[in-house]
There are 2 protein chains.
Amino acid sequence: MTRREEIIKVAKTLFREQGYKSVSMRDLAKAMDLKAASLYNHISSKEEILAEIVLGVAYFFTKEMELVKSLKADSKTLLEAVINHHIELTLNNPEAIAIVNNDWIHLESSHFEEFLELRNAYEQDLRDMISRGIEAGEIMPNNTEVMLFSMLSTLRTLHSWYRRRSGIDGEALKNDITEILLNGIVAKPLKKIYQP
Amino acid sequence: MTRREEIIKVAKTLFREQGYKSVSMRDLAKAMDLKAASLYNHISSKEEILAEIVLGVAYFFTKEMELVKSLKADSKTLLEAVINHHIELTLNNPEAIAIVNNDWIHLESSHFEEFLELRNAYEQDLRDMISRGIEAGEIMPNNTEVMLFSMLSTLRTLHSWYRRRSGIDGEALKNDITEILLNGIVAKPLKKIYQP
DNA sequence: CCTACCGATCGGTAGG
DNA sequence: CCTACCGATCGGTAGG
(Lines give C-alpha, C1' and ligand atoms only; values in the text may rest on other atoms or scores of the structure.)
Protein backbone atom coordinates (compact mmCIF):
# COMPACT_ATOMS: atom_id res chain seq x y z
CA MET A 1 0.00 0.00 0.00
CA THR A 2 1.45 3.35 -1.03
CA ARG A 3 1.48 6.26 1.36
CA ARG A 4 -1.27 7.87 -0.67
CA GLU A 5 -3.44 4.79 -0.34
CA GLU A 6 -2.83 4.79 3.40
CA ILE A 7 -3.99 8.39 3.63
CA ILE A 8 -7.19 7.56 1.79
CA LYS A 9 -7.80 4.54 3.95
CA VAL A 10 -7.47 6.55 7.15
CA ALA A 11 -9.59 9.33 5.65
CA LYS A 12 -12.34 6.83 4.96
CA THR A 13 -12.58 5.96 8.62
CA LEU A 14 -12.50 9.56 9.83
CA PHE A 15 -14.90 10.93 7.21
CA ARG A 16 -17.33 8.18 8.00
CA GLU A 17 -17.20 8.76 11.74
CA GLN A 18 -17.40 12.56 11.76
CA GLY A 19 -18.40 13.64 8.28
CA TYR A 20 -16.12 15.19 5.65
CA LYS A 21 -16.59 18.78 6.81
CA SER A 22 -15.78 17.98 10.43
CA VAL A 23 -12.47 16.32 9.69
CA SER A 24 -9.58 18.75 9.28
CA MET A 25 -6.36 18.00 7.47
CA ARG A 26 -4.71 18.28 10.90
CA ASP A 27 -7.02 15.56 12.24
CA LEU A 28 -6.12 13.36 9.31
CA ALA A 29 -2.40 14.06 9.69
CA LYS A 30 -2.50 13.31 13.42
CA ALA A 31 -4.19 9.96 12.75
CA MET A 32 -1.26 9.16 10.46
CA ASP A 33 1.37 10.44 12.88
CA LEU A 34 2.64 13.27 10.78
CA LYS A 35 2.10 16.98 10.17
CA ALA A 36 -0.64 18.42 8.03
CA ALA A 37 1.78 19.93 5.53
CA SER A 38 3.25 16.50 4.82
CA LEU A 39 -0.06 15.23 3.50
CA TYR A 40 0.37 17.52 0.52
CA ASN A 41 3.31 15.51 -0.76
CA HIS A 42 0.83 12.75 -1.58
CA ILE A 43 -2.41 14.50 -2.32
CA SER A 44 -3.07 17.94 -3.71
CA SER A 45 -6.20 18.89 -1.79
CA LYS A 46 -8.71 17.67 0.76
CA GLU A 47 -11.39 17.52 -1.88
CA GLU A 48 -9.24 15.22 -3.99
CA ILE A 49 -9.51 12.60 -1.26
CA LEU A 50 -13.28 12.94 -1.13
CA ALA A 51 -13.59 12.76 -4.92
CA GLU A 52 -11.46 9.64 -5.12
CA ILE A 53 -13.59 7.87 -2.54
CA VAL A 54 -16.97 8.95 -3.89
CA LEU A 55 -16.26 8.56 -7.60
CA GLY A 56 -14.47 5.27 -6.96
CA VAL A 57 -17.66 3.83 -5.53
CA ALA A 58 -19.79 5.39 -8.25
CA TYR A 59 -17.71 3.87 -11.06
CA PHE A 60 -17.68 0.53 -9.32
CA PHE A 61 -21.48 0.51 -9.18
CA THR A 62 -21.62 1.56 -12.82
CA LYS A 63 -19.38 -1.32 -13.83
CA GLU A 64 -21.47 -3.83 -11.95
CA MET A 65 -24.65 -2.45 -13.44
CA GLU A 66 -23.20 -2.95 -16.94
CA LEU A 67 -22.45 -6.52 -15.97
CA VAL A 68 -26.00 -7.15 -14.78
CA LYS A 69 -27.46 -5.55 -17.88
CA SER A 70 -25.50 -7.94 -20.06
CA LEU A 71 -27.18 -10.96 -18.44
CA LYS A 72 -29.92 -12.76 -20.31
CA ALA A 73 -32.45 -13.36 -17.58
CA ASP A 74 -35.88 -12.32 -16.37
CA SER A 75 -36.39 -9.06 -14.49
CA LYS A 76 -36.66 -10.64 -11.10
CA THR A 77 -33.30 -12.34 -11.52
CA LEU A 78 -31.71 -9.09 -12.67
CA LEU A 79 -33.10 -7.23 -9.66
CA GLU A 80 -31.75 -9.93 -7.39
CA ALA A 81 -28.34 -9.52 -8.98
CA VAL A 82 -28.41 -5.75 -8.37
CA ILE A 83 -29.39 -6.32 -4.74
CA ASN A 84 -26.59 -8.85 -4.30
CA HIS A 85 -23.95 -6.52 -5.71
CA HIS A 86 -25.15 -3.75 -3.48
CA ILE A 87 -24.97 -5.89 -0.37
CA GLU A 88 -21.56 -7.26 -1.25
CA LEU A 89 -20.06 -3.82 -1.69
CA THR A 90 -21.64 -2.69 1.56
CA LEU A 91 -20.05 -5.58 3.44
CA ASN A 92 -16.67 -5.04 1.76
CA ASN A 93 -16.49 -1.27 1.94
CA PRO A 94 -19.05 0.19 4.36
CA GLU A 95 -17.05 3.36 5.04
CA ALA A 96 -16.93 4.34 1.40
CA ILE A 97 -20.64 3.73 0.96
CA ALA A 98 -21.44 5.87 3.98
CA ILE A 99 -19.28 8.70 2.64
CA VAL A 100 -20.92 8.54 -0.76
CA ASN A 101 -24.32 8.84 0.87
CA ASN A 102 -23.49 11.61 3.31
CA ASP A 103 -20.79 13.72 1.71
CA TRP A 104 -21.16 13.66 -2.08
CA ILE A 105 -22.78 17.02 -1.62
CA HIS A 106 -19.40 18.52 -0.75
CA LEU A 107 -17.80 17.55 -4.04
CA GLU A 108 -16.52 20.47 -6.10
CA SER A 109 -18.58 21.32 -9.12
CA SER A 110 -16.96 19.18 -11.83
CA HIS A 111 -16.77 16.15 -9.56
CA PHE A 112 -20.24 16.92 -8.30
CA GLU A 113 -21.64 16.80 -11.82
CA GLU A 114 -19.67 13.72 -12.73
CA PHE A 115 -21.10 11.94 -9.72
CA LEU A 116 -24.67 13.00 -10.43
CA GLU A 117 -24.43 11.72 -14.00
CA LEU A 118 -23.27 8.32 -12.84
CA ARG A 119 -25.93 8.14 -10.17
CA ASN A 120 -28.70 9.19 -12.55
CA ALA A 121 -27.62 6.63 -15.14
CA TYR A 122 -27.62 3.92 -12.50
CA GLU A 123 -31.08 4.86 -11.35
CA GLN A 124 -32.31 4.92 -14.94
CA ASP A 125 -31.01 1.42 -15.58
CA LEU A 126 -32.77 0.15 -12.48
CA ARG A 127 -35.94 1.99 -13.46
CA ASP A 128 -35.86 0.32 -16.88
CA MET A 129 -35.43 -3.07 -15.26
CA ILE A 130 -38.52 -2.54 -13.13
CA SER A 131 -40.55 -1.23 -16.07
CA ARG A 132 -39.66 -4.23 -18.20
CA GLY A 133 -40.59 -6.49 -15.31
CA ILE A 134 -44.02 -4.89 -15.17
CA GLU A 135 -44.52 -5.33 -18.92
CA ALA A 136 -43.57 -8.98 -18.58
CA GLY A 137 -46.01 -9.47 -15.71
CA GLU A 138 -43.23 -10.35 -13.26
CA ILE A 139 -43.47 -7.18 -11.23
CA MET A 140 -46.64 -5.72 -9.73
CA PRO A 141 -47.94 -2.78 -11.78
CA ASN A 142 -47.48 -0.33 -8.90
CA ASN A 143 -45.89 3.10 -8.94
CA THR A 144 -42.50 2.47 -10.55
CA GLU A 145 -40.85 5.48 -8.97
CA VAL A 146 -41.90 4.44 -5.50
CA MET A 147 -40.63 0.91 -6.03
CA LEU A 148 -37.33 2.22 -7.33
CA PHE A 149 -36.93 4.65 -4.50
CA SER A 150 -37.88 2.15 -1.83
CA MET A 151 -35.36 -0.41 -3.02
CA LEU A 152 -32.56 2.11 -3.30
CA SER A 153 -33.29 3.64 0.11
CA THR A 154 -32.93 0.30 1.79
CA LEU A 155 -29.79 -0.67 -0.11
CA ARG A 156 -28.09 2.69 0.28
CA THR A 157 -28.50 2.90 4.04
CA LEU A 158 -27.74 -0.71 4.78
CA HIS A 159 -24.24 0.28 5.87
CA SER A 160 -25.53 2.23 8.87
CA TRP A 161 -27.63 -0.63 10.08
CA TYR A 162 -25.15 -3.40 9.36
CA ARG A 163 -22.61 -1.59 11.45
CA ARG A 164 -24.55 -1.96 14.69
CA ARG A 165 -24.98 -5.71 14.38
CA SER A 166 -22.32 -8.25 15.17
CA GLY A 167 -20.92 -10.26 12.29
CA ILE A 168 -23.97 -11.28 10.30
CA ASP A 169 -23.64 -13.98 7.69
CA GLY A 170 -23.48 -12.30 4.30
CA GLU A 171 -25.42 -14.96 2.44
CA ALA A 172 -28.24 -14.99 4.99
CA LEU A 173 -28.43 -11.22 4.77
CA LYS A 174 -28.74 -11.33 0.99
CA ASN A 175 -31.56 -13.82 1.23
CA ASP A 176 -33.43 -11.85 3.89
CA ILE A 177 -33.15 -8.51 2.15
CA THR A 178 -34.03 -9.90 -1.25
CA GLU A 179 -37.06 -11.66 0.18
CA ILE A 180 -38.33 -8.55 1.97
CA LEU A 181 -37.66 -6.12 -0.87
CA LEU A 182 -39.28 -8.33 -3.47
CA ASN A 183 -42.07 -10.00 -1.51
CA GLY A 184 -42.88 -7.53 1.26
CA ILE A 185 -43.55 -8.41 4.87
CA VAL A 186 -47.25 -9.19 5.09
CA ALA A 187 -48.31 -12.82 5.37
CA LYS A 188 -50.32 -13.96 2.34
CA PRO A 189 -53.50 -15.96 3.04
CA LEU A 190 -52.86 -18.71 0.49
CA LYS A 191 -56.27 -20.35 0.74
CA LYS A 192 -58.17 -17.14 0.27
CA ILE A 193 -60.02 -18.37 -2.83
CA TYR A 194 -61.75 -21.05 -0.82
CA GLN A 195 -63.25 -18.52 1.58
CA PRO A 196 -66.68 -16.98 1.00
CA MET B 1 -43.69 34.45 14.02
CA THR B 2 -41.06 35.70 16.46
CA ARG B 3 -37.63 36.71 15.25
CA ARG B 4 -36.25 33.57 16.84
CA GLU B 5 -38.69 31.41 14.90
CA GLU B 6 -37.72 33.21 11.71
CA ILE B 7 -34.06 32.42 12.34
CA ILE B 8 -34.86 28.76 12.81
CA LYS B 9 -36.98 28.66 9.71
CA VAL B 10 -34.22 30.15 7.57
CA ALA B 11 -31.68 27.85 9.21
CA LYS B 12 -33.79 24.85 8.22
CA THR B 13 -33.53 25.77 4.58
CA LEU B 14 -29.80 26.47 4.68
CA PHE B 15 -28.87 23.45 6.79
CA ARG B 16 -30.83 21.23 4.48
CA GLU B 17 -29.21 22.60 1.34
CA GLN B 18 -25.60 22.65 2.49
CA GLY B 19 -25.40 20.66 5.70
CA TYR B 20 -25.08 22.07 9.23
CA LYS B 21 -21.29 22.22 9.21
CA SER B 22 -21.15 24.10 5.92
CA VAL B 23 -23.46 26.90 7.00
CA SER B 24 -21.74 29.64 8.98
CA MET B 25 -23.50 32.06 11.30
CA ARG B 26 -22.55 34.74 8.77
CA ASP B 27 -24.35 32.81 6.02
CA LEU B 28 -27.40 32.56 8.22
CA ALA B 29 -27.24 36.24 9.15
CA LYS B 30 -26.88 37.29 5.52
CA ALA B 31 -29.94 35.28 4.56
CA MET B 32 -31.84 37.25 7.20
CA ASP B 33 -30.35 40.58 6.19
CA LEU B 34 -28.50 41.31 9.40
CA LYS B 35 -25.09 40.83 10.97
CA ALA B 36 -23.89 37.62 12.57
CA ALA B 37 -23.57 39.22 16.00
CA SER B 38 -27.24 40.14 15.97
CA LEU B 39 -28.30 36.53 15.80
CA TYR B 40 -27.05 36.10 19.34
CA ASN B 41 -29.79 38.33 20.68
CA HIS B 42 -32.22 35.54 19.83
CA ILE B 43 -30.25 32.36 20.13
CA SER B 44 -27.31 31.50 22.31
CA SER B 45 -25.35 29.25 19.97
CA LYS B 46 -25.37 27.63 16.57
CA GLU B 47 -25.82 24.23 18.14
CA GLU B 48 -28.95 25.42 19.91
CA ILE B 49 -30.60 25.88 16.52
CA LEU B 50 -29.62 22.40 15.43
CA ALA B 51 -30.82 20.88 18.68
CA GLU B 52 -34.16 22.59 18.46
CA ILE B 53 -34.76 21.31 14.95
CA VAL B 54 -33.57 17.76 15.55
CA LEU B 55 -35.13 17.20 18.97
CA GLY B 56 -38.35 18.86 17.84
CA VAL B 57 -38.77 16.23 15.17
CA ALA B 58 -37.74 13.44 17.51
CA TYR B 59 -40.32 14.40 20.14
CA PHE B 60 -42.98 14.76 17.49
CA PHE B 61 -42.33 11.22 16.28
CA THR B 62 -42.37 9.98 19.85
CA LYS B 63 -45.73 11.57 20.48
CA GLU B 64 -47.20 10.05 17.36
CA MET B 65 -45.82 6.65 18.24
CA GLU B 66 -47.54 6.85 21.63
CA LEU B 67 -50.75 7.64 19.83
CA VAL B 68 -50.41 4.65 17.51
CA LYS B 69 -49.55 2.36 20.41
CA SER B 70 -52.76 3.35 22.16
CA LEU B 71 -54.87 2.09 19.26
CA LYS B 72 -56.67 -1.22 19.56
CA ALA B 73 -56.02 -2.74 16.17
CA ASP B 74 -54.13 -5.54 14.46
CA SER B 75 -50.43 -5.19 13.66
CA LYS B 76 -50.91 -4.48 10.01
CA THR B 77 -53.19 -1.53 10.82
CA LEU B 78 -50.70 -0.19 13.35
CA LEU B 79 -47.85 -0.41 10.85
CA GLU B 80 -49.96 1.42 8.31
CA ALA B 81 -50.59 4.17 10.87
CA VAL B 82 -46.86 4.54 11.51
CA ILE B 83 -46.19 4.74 7.78
CA ASN B 84 -48.89 7.37 7.37
CA HIS B 85 -47.56 9.56 10.16
CA HIS B 86 -44.07 9.34 8.70
CA ILE B 87 -45.23 10.37 5.26
CA GLU B 88 -47.35 13.22 6.59
CA LEU B 89 -44.48 14.71 8.54
CA THR B 90 -42.22 14.36 5.51
CA LEU B 91 -44.67 16.27 3.35
CA ASN B 92 -45.19 18.96 6.00
CA ASN B 93 -41.62 19.44 7.11
CA PRO B 94 -39.14 17.91 4.68
CA GLU B 95 -36.28 20.23 5.67
CA ALA B 96 -36.42 19.23 9.30
CA ILE B 97 -36.52 15.53 8.43
CA ALA B 98 -33.51 15.90 6.17
CA ILE B 99 -31.56 17.67 8.91
CA VAL B 100 -32.42 15.02 11.46
CA ASN B 101 -31.10 12.36 9.11
CA ASN B 102 -27.94 14.10 8.05
CA ASP B 103 -26.84 16.26 10.96
CA TRP B 104 -27.96 14.67 14.24
CA ILE B 105 -24.37 13.51 14.45
CA HIS B 106 -23.27 17.09 15.12
CA LEU B 107 -25.37 17.49 18.24
CA GLU B 108 -23.42 18.19 21.42
CA SER B 109 -23.15 15.32 23.83
CA SER B 110 -26.20 15.85 26.02
CA HIS B 111 -28.45 16.58 23.06
CA PHE B 112 -26.79 13.74 21.18
CA GLU B 113 -27.68 11.27 23.90
CA GLU B 114 -31.18 12.64 24.28
CA PHE B 115 -31.75 12.14 20.57
CA LEU B 116 -30.37 8.62 20.54
CA GLU B 117 -32.64 7.61 23.42
CA LEU B 118 -35.71 8.85 21.58
CA ARG B 119 -34.68 7.19 18.36
CA ASN B 120 -33.92 3.89 20.05
CA ALA B 121 -37.26 3.89 21.87
CA TYR B 122 -39.06 4.57 18.61
CA GLU B 123 -37.27 1.74 16.88
CA GLN B 124 -38.03 -0.58 19.77
CA ASP B 125 -41.74 0.22 19.59
CA LEU B 126 -41.75 -0.53 15.88
CA ARG B 127 -39.78 -3.73 16.45
CA ASP B 128 -42.36 -4.86 19.02
CA MET B 129 -45.15 -4.14 16.58
CA ILE B 130 -43.54 -6.34 13.94
CA SER B 131 -42.83 -9.13 16.43
CA ARG B 132 -46.42 -9.18 17.63
CA GLY B 133 -47.56 -9.26 14.04
CA ILE B 134 -45.44 -12.35 13.43
CA GLU B 135 -46.86 -14.07 16.53
CA ALA B 136 -50.36 -13.27 15.31
CA GLY B 137 -49.60 -14.70 11.85
CA GLU B 138 -50.18 -11.33 10.17
CA ILE B 139 -46.56 -10.70 9.29
CA MET B 140 -44.21 -13.12 7.53
CA PRO B 141 -41.82 -14.83 9.95
CA ASN B 142 -38.77 -13.29 8.28
CA ASN B 143 -35.80 -11.59 9.90
CA THR B 144 -37.44 -8.94 12.11
CA GLU B 145 -34.39 -6.67 12.13
CA VAL B 146 -34.20 -6.60 8.36
CA MET B 147 -37.90 -5.81 8.07
CA LEU B 148 -37.57 -3.02 10.61
CA PHE B 149 -34.54 -1.55 8.95
CA SER B 150 -35.96 -1.77 5.46
CA MET B 151 -39.15 0.06 6.46
CA LEU B 152 -37.29 2.78 8.32
CA SER B 153 -34.76 3.30 5.53
CA THR B 154 -37.48 3.97 3.04
CA LEU B 155 -39.46 6.24 5.33
CA ARG B 156 -36.46 8.20 6.57
CA THR B 157 -35.11 9.04 3.13
CA LEU B 158 -38.43 9.76 1.50
CA HIS B 159 -37.75 13.51 1.84
CA SER B 160 -34.83 13.38 -0.59
CA TRP B 161 -36.84 11.61 -3.21
CA TYR B 162 -40.05 13.53 -2.75
CA ARG B 163 -38.17 16.73 -3.33
CA ARG B 164 -37.26 15.92 -6.92
CA ARG B 165 -40.83 15.19 -8.00
CA SER B 166 -43.41 17.79 -8.73
CA GLY B 167 -46.39 18.03 -6.39
CA ILE B 168 -47.42 14.45 -5.83
CA ASP B 169 -50.78 13.73 -4.25
CA GLY B 170 -50.19 12.90 -0.60
CA GLU B 171 -52.91 10.28 -0.36
CA ALA B 172 -51.75 8.45 -3.47
CA LEU B 173 -48.23 8.44 -2.11
CA LYS B 174 -49.38 6.92 1.18
CA ASN B 175 -51.18 4.16 -0.67
CA ASP B 176 -48.27 3.38 -2.96
CA ILE B 177 -45.65 3.31 -0.22
CA THR B 178 -47.80 1.29 2.14
CA GLU B 179 -48.54 -1.22 -0.59
CA ILE B 180 -44.90 -1.65 -1.56
CA LEU B 181 -43.52 -1.78 1.98
CA LEU B 182 -46.09 -4.29 3.15
CA ASN B 183 -46.65 -6.39 0.04
CA GLY B 184 -43.40 -6.11 -1.90
CA ILE B 185 -43.06 -5.63 -5.62
CA VAL B 186 -43.16 -9.11 -7.14
CA ALA B 187 -46.35 -10.24 -8.86
CA LYS B 188 -47.99 -13.18 -7.07
CA PRO B 189 -49.18 -16.07 -9.23
CA LEU B 190 -52.63 -16.38 -7.67
CA LYS B 191 -53.59 -19.64 -9.35
CA LYS B 192 -50.44 -21.43 -8.38
CA ILE B 193 -52.24 -24.20 -6.49
CA TYR B 194 -53.89 -25.40 -9.69
CA GLN B 195 -50.56 -25.92 -11.41
CA PRO B 196 -48.74 -29.28 -11.28
C1' DC C 1 -29.43 45.51 15.93
C1' DC C 2 -24.63 47.40 15.00
C1' DT C 3 -19.32 48.09 15.00
C1' DA C 4 -15.34 46.30 16.46
C1' DC C 5 -12.91 42.70 17.80
C1' DC C 6 -11.26 38.01 20.14
C1' DG C 7 -8.61 33.62 19.91
C1' DA C 8 -8.89 29.41 17.41
C1' DT C 9 -8.73 26.97 13.47
C1' DC C 10 -9.07 26.22 8.58
C1' DG C 11 -6.83 24.57 3.83
C1' DG C 12 -2.81 25.22 1.86
C1' DT C 13 2.25 27.04 0.43
C1' DA C 14 7.40 28.11 0.67
C1' DG C 15 11.50 26.42 1.32
C1' DG C 16 14.48 23.24 2.98
C1' DC D 1 8.66 14.79 5.99
C1' DC D 2 9.36 19.13 8.78
C1' DT D 3 9.16 24.20 10.51
C1' DA D 4 7.25 28.32 9.77
C1' DC D 5 3.84 30.80 8.08
C1' DC D 6 -0.18 32.81 4.93
C1' DG D 7 -4.85 34.95 4.47
C1' DA D 8 -9.48 33.63 5.29
C1' DT D 9 -12.94 32.32 8.10
C1' DC D 10 -14.98 30.38 12.18
C1' DG D 11 -18.28 30.85 16.56
C1' DG D 12 -18.88 34.07 19.71
C1' DT D 13 -18.41 38.48 23.03
C1' DA D 14 -18.17 43.48 24.63
C1' DG D 15 -20.24 47.47 24.70
C1' DG D 16 -23.26 50.62 23.01
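Chain letters run A, B, ... following the sequence lines, proteins first and then strands; every chain starts at 1. Since we're looking at a predicted model, the values are computed, not measured.
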Using a 4.5 Å cut-off on heavy atoms from C-beta on, say whether the side chain of B/Ile139 contacts that of B/Arg132.
-> no

OH of B/Tyr59 to CD of B/Glu114: how many Å apart, nearest 0.5 Å?
-> 3.5 Å

What is the 5' to 3' range of DNA chain D, first to last nucleotide, that sits under 4.0 Å from any heavy atom of chain B?
-> D/dC10 to D/dT13

In Å, rounded to the nearest 0.5 Å, how long is the span from CG of B/Leu55 to OG1 of B/Thr62?
-> 9.5 Å

Close residues, residues 38-52 of chain B, relative to DNA chain C [heavy-atom separation under 4.0 Å] | B/Ser38, B/Asn41, B/His42

Is there side-chain contact between A/Glu145 and A/Leu148, with at least one heavy-atom pair below 4.5 Å?
-> yes

Quick one: CE on A/Met151 to CZ on A/Arg127, what's the gap to the nearest 0.5 Å?
-> 12.5 Å

Between the side chain of A/Thr154 and the main-chain N/O of A/Ser150, is any donor-acceptor distance below 3.5 Å?
-> yes

For A/Val23, does its backbone N or O pair with a side-chain atom of A/Lys46 as donor and acceptor, under 3.5 Å?
-> yes

CD/A/Glu95 to NE2/A/His159 distance, rounded to the nearest 0.5 angstrom?
-> 10.5 Å

Before giving the answer on side-chain hydrogen bond (donor to acceptor under 3.5 Å, both in side chains), spell out for B/Asp74 and B/Thr77 the whole-Å C-alpha distance, their side-chain angles and the decisive distance to 0.1 Å.
-> CA-CA 5 Å; B/Asp74 58 26; B/Thr77 306; 2.5 Å; yes

Tell me the stems DNA chain C sits in, counting at least three consecutive Watson-Crick or G-U wobble pairs, each under 3.5 Å on both distances.
-> C:1-16 with D:1-16

d(B/Leu118 CG, B/Lys63 NZ) to nearest 0.5 Å is 13.0 Å

When A/Lys35 and A/Arg26 are each assigned the nearest nucleotide of DNA chain D, the 5'-most assignment goes to A/Lys35

